[in-house]
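All remarks here apply to the structure that follows.
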Amino acid sequence: MPHNGSKVDHSHKVLTLLALVPPGQVVSYGQLADLAGLPGRARLIGRILRTRDTSMLPWHRVVAANGRISLSRGSDGWHEQRQRLLTEGILLKGDRVPMEQYRWRPDLAAILMLMDQ
DNA sequence: TTCCTGACGATGA
DNA sequence: ATCATCGCCAGGA
């Protein structure tokens, strides 16, 4: 019996989920992890966004649980994400997105899509 | 192989 | 509200 702890790549599922987040709404890293069946692994989501090609995806709709943009404050990426959020009509309260108001609540259709892998 | 570093998050002081 | 601590763990050094 090989002791192999076969590495698993979760990026596909996570990115597929990300594509479902509607304009004007946001998800937190942790929420995305939960939806992908990876509870407690928010950091993995951050790693995936940083590592994979997200140019065709709404990467800017992923913010920290507290509503803040996780990219280092003031960096190019930070400005870019902030601008994109504003463009979608999200009203920031200071430097954060009011989560209660903009958090994505997946509808049944979205939930079902998650089930077929 | 060990050590360190994060696009995180919950909790407690 | 702010801050330190701890859990989590895939990669890089």
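The sequence lines fix the lettering, A, B, ..., with proteins before strands; numbering per chain opens at 1.
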Using whole Å, what does the distance between atom P of nucleotide B/dT5 and atom CZ of A/Arg50 come to?
13 Å
Going by an N to O cut-off under 4.0 Å, is there a salt bridge joining A/Glu88 and A/Arg84?
no
Listed range with range, the stems formed with DNA chain B by at least 3 consecutive Watson-Crick or G-U pairs (under 3.5 Å) are B:2-6 with C:9-13, B:8-13 with C:2-7
Nearest to side-chain heavy atoms of A/Arg41, which nucleotide of C/dG7, C/dA10, C/dG11
C/dA10
In whole Å, what is the span from the CZ atom of A/Arg43 to the P atom of B/dG9?
10 Å
Check for a donor-acceptor pair, side chain of A/Tyr102 on one end and backbone N or O of A/Leu91 on the other, with a separation under 3.5 Å.
yes
Side chains of A/Arg103 and A/Gln31, donor plus acceptor under 3.5 Å
yes
Mind calculating the distance between CD (A/Gln31) and P (B/dA10) to the nearest angstrom?
11 Å
Whole angstrom value for the distance that separates C1' of B/dG6 from CD1 of A/Ile45:
14 Å
Tell me the interatomic distance from A/Leu32, atom CG, to B/dG9, atom C1', rounded to whole angstroms.
14 Å
Do A/Leu15 and A/Leu57 have side chains that approach each other closer than 4.5 Å (heavy atoms only, starting at C-beta)?
yes
Do any N or O atoms from the side chain of A/Gln81 and from the backbone of A/His60 form a donor-acceptor pair under 3.5 angstrom?
yes
Of the listed nucleotides C/dG11, C/dG7, B/dA7, the one nearest the side chain of A/Tyr29
B/dA7
Near DNA chain B, counting only heavy atoms under 4.0 Å, which residues of residues 53-92 of chain A show up?
A/Trp59, A/Ala64, A/Ala65, A/Ser70, A/Leu71
Hey, does A/Pro106 have a side-chain heavy atom less than 4.5 Å from the side chain of A/Leu35?
yes
Between CG of A/Asp34 and P of C/dC8 the distance, given in whole Å, is 15 Å
Give a yes/no answer on whether the side chain of A/Ser28 brings an N or O atom under 4.0 Å of OP1 or OP2 in B/dC8.
no
I want to confirm an ordering. Mapping A/Arg52 and A/Gly40 to their closest nucleotides on DNA chain C, which one lands closer to the 5' end?
A/Gly40
Non-neighbouring partners of A/Ser75 that pass side chain to side chain contact (heavy atoms under 4.5 Å, CB included), sequence neighbours left out
A/Leu71, A/Ser72, A/Trp78
With a 4.0 Å cut-off on N to O distance, would you call A/Asp9 and A/Arg52 a salt bridge?
yes
Looking only at heavy atoms, the pair that brings A/Gly77 and A/Trp59 closest together is O-CH2, 4.5 Å
Report the distance from atom CG of A/Leu38 to atom C1' of B/dG9, rounded to the nearest whole Å.
15 Å
